[in-house]
Amino acid sequence: MKISEVFILSDKPLSAIMEQSSYLKDSFMAEHISISNISKYAGQNVTLRGWVYNRTDKGKLCFLLVRDGSGFAQCVAFKGDLEPEVFDKTMRLPQESAIIVSGLVREDQRAPGIPGGYELGIKQIEIVQEAELDYPMSLKDHGVDFALDHRHLWIRMQSQWAILRVRAAVMSATREWLNNNGFFEMSTPILTPAAAEGTTTLFETEYFDEGKAYLAQTGQLYNEANIFSFGKVYCFGPTFRAEKSKTRRHLTEFWMLEPEIAFCDLDQLMEIEENMIAHIAQTVLKECAAELKFLGRDASKLERVFAPFPRMSYDDAAKYLIDLYEKETDPERKALLKFEWGMDFGAPHETELTKLYDQPLFVYGYPSAVKAFYMEPWPDRPEVCKSVDLLAPEGYGEICGGSERISNHDALLARIHKEGLPEEAFKWYLELRKYGSVPHSGFGMGVERVVAWLCGIEHIREAIPFPRTIKRVYP
RNA sequence: UCCUCGAUAGCUCAAUUGGCAGAGCGAGCGGCUGUUAACCGCUAGGUUCCAGGUUCGAGACCUGGUCGAGGAGCCA
């Protein structure tokens, strides 16, 4: 069968497109497939629907790299196989044109793509829309500012496609593990009346006649209410921080997972964290092998991510860091590594600690002074609290932060007073400690940081479809 | 808020001591039956971020500003 026709539909109404599409189906009878499954169709005629990612024409031969959302596949047109006007049109297809292309799938090691190794010999091509010629995102390098200004187009590029597919897998694996382990997803409010930890880092908005409302920077306090009804819960949504942080690890809007568990102490919390993180890493390794390979990620580094993770007390970490600081001779590095007991870790400190292991590292028992007011004090050491941070290897830093919460009413009230927080705002939160209070714990996981770590990318702004930074709310 | 760096063609960048504004990619035209960010030839494409200053002469030097990046602090 040799059918060679080009339909140019861009100026026609949708009904006309539908009509001609169904005509095509009848006339060609090729199954619509996803590129991700192309290897199953070797030797068969199929139809792909997608966009021209790249085109290379070579005289009587034309290669189209077509993407369809599920992957990237090479489609090859030979001049001798097609009507002259069809071949000519194919040769001139601009990047990003939308097409429906049919032909024979064949195995060929030379064929690029994701997954690659298979290509489609074009028999018929339908142009849904011929893209305009001034597509800004050429396949060469781009600067950060230009790329972010064109984020709506940048996400079409292979690297961004791969990263955001990993992100989706991370989110799905996270929910999968929690749902399979007795957790219930609870949506906590995004518009909130007050800060959990002070008001300097909140986005503020007018709320009718009620004064100010603030975009949530955590759902934790609400989840502490939820556990007394559901036992084990999590919230998973956007979180907002108005901090003027300008680093590769910060966004003003990021996605945070926050599990909260009743009858759970710090040790049990760490077990939950390491099992969940290991599940996420192993799922991504399995389901996103092609994406990680494209990104050049060393998969062996992730294969080691199995529970249990190493644990280190803050005291031991501090000892190690102070020793490191004292031995450092380079004045510039010495200034960065400056450390004494009681300080919170900076990024350079985290990096040094994670160099010690090729697994994520738990550091527990931080000084209460550098942590939030609701964290349970260590027994007999009130200057330290039952908190734990999980630091990702290879310098990716803190991916989870959690703690056992104060369950005693009077102890919590005392902390609220000590921090100078308005008692009235925490009335309901304190009330949870009056009716069946139990030891409980929870943590927050920054999705973009986990994605950046798993993908091995430099900056978390690429780990979310439309990043919001201190200098950017467009597009 | 602080420190450091940057802004030149649609994009990525170069331009020696202050002396004619350049290349690659992208776009257009032509050539090529296996390209992997193809290659070869030709064509088009510039308010060198803005304002002022020094100079015979400024992309470069000086002053002020705008925008951006990296980092610190803070945090996930």
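Remember, predicted model here, so these are calculated numbers, not experimental data. Reminder, nothing fancy here: chain letters follow the sequence lines and each chain counts from 1.
Checking B:G71, B:A76, B:G73 against the side-chain heavy atoms of A:Lys244 singles out B:G73 as nearest.
If you check every strand for non-hydrogen atoms under 4.0 Å, A:Gly397 touches nothing. Nucleic acid contact class of A:Gln74 (heavy atoms, under 4.0 Å, all strands): base. Among the protein residues, A:Leu65 comes within range of no part of the nucleic acid, since none of its heavy atoms lies under 4.0 Å from any strand. If you check every strand for non-hydrogen atoms under 4.0 Å, A:Arg461 touches sugar and phosphate atoms only. No contact: A:His150 has no heavy atom under 4.0 Å from any strand. A:Asp57 comes within 4.0 angstrom of a nucleotide base, judged by non-hydrogen atoms across all strands. Contacts of A:Lys471 with the nucleic acid, taken as non-hydrogen atoms under 4.0 Å apart, involve only primed sugar atoms and P, OP1 or OP2. Base engagement by A:Asp108 is indicated by at least one non-hydrogen atom pair under 4.0 Å involving a base atom. A:Glu119 comes within contact range of at least one nucleobase, with a heavy-atom separation under 4.0 Å. Heavy atoms of A:His142 sit under 4.0 angstrom from primed sugar atoms or phosphate atoms, though from no base atom. Backbone-only contact: A:Phe146 has heavy atoms under 4.0 Å from sugar-phosphate atoms and none from a base. Residue contacts for A:Cys400: at a heavy-atom cut-off of 4.0 Å it reaches the sugar-phosphate backbone alone, with no base atom in range. Using a 4.0 Å heavy-atom cutoff across all strands shown, A:Lys79 reaches no nucleic acid atom at all.
In this structure B:A7 sits in a base pair with B:U66, meeting the Watson-Crick or G-U test at under 3.5 Å. The partner of B:C13, taking Watson-Crick or G-U wobble pairs whose two distances both stay under 3.5 Å, is B:G22.
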For A:Val170 and A:Leu454: C-alpha separation, side-chain torsions, deciding distance, then whether side chain to side chain contact (heavy atoms under 4.5 Å, CB included) applies. CA-CA 9 Å; A:Val170 165; A:Leu454 295 176; 3.6 Å; yes
Hey, mind stepping through A:Glu260 and A:Gln220 against side-chain hydrogen bond (donor to acceptor under 3.5 Å, both in side chains) and telling me if it holds? CA-CA 7 Å; A:Glu260 192 75 25; A:Gln220 177 203 319; 4.9 Å; no
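Residue A:Arg92 places none of its side-chain N or O atoms closer than 4.0 Å to OP1 or OP2 of B:A27. Phosphate contact (OP1/OP2 of B:U33, side-chain N/O of A:Lys60, threshold under 4.0 Å): present.
One donor-acceptor pair, N or O on each side, does fall under 3.5 Å between the base of B:C74 and the side chain of A:Ser245.
By the 6.0 Å and 45° rule, A:Lys232 does not stack over the aromatic ring of A:Phe184.
When the P atom is compared between B:C20 and B:A60, the two are found 14 Å apart, to the nearest whole Å. Rounded to the nearest Å, the gap between the C1' atom of B:G19 and that of B:C61 is 15 Å. Using atom P as the reference point in both B:A72 and B:C40, the two lie 43 Å apart (nearest Å).
With hydrogens and angles left out, the side-chain atoms of A:Ser70 and A:Asp68 include a donor and acceptor closer than 3.5 Å.
Ion pairing between A:Asp108 and A:Arg110 holds under the 4.0 Å rule for side-chain N and carboxylate O. By the 4.0 Å N-to-carboxylate-O rule, A:Asp57 lies too far from A:Lys79 to be salt-bridged with it.
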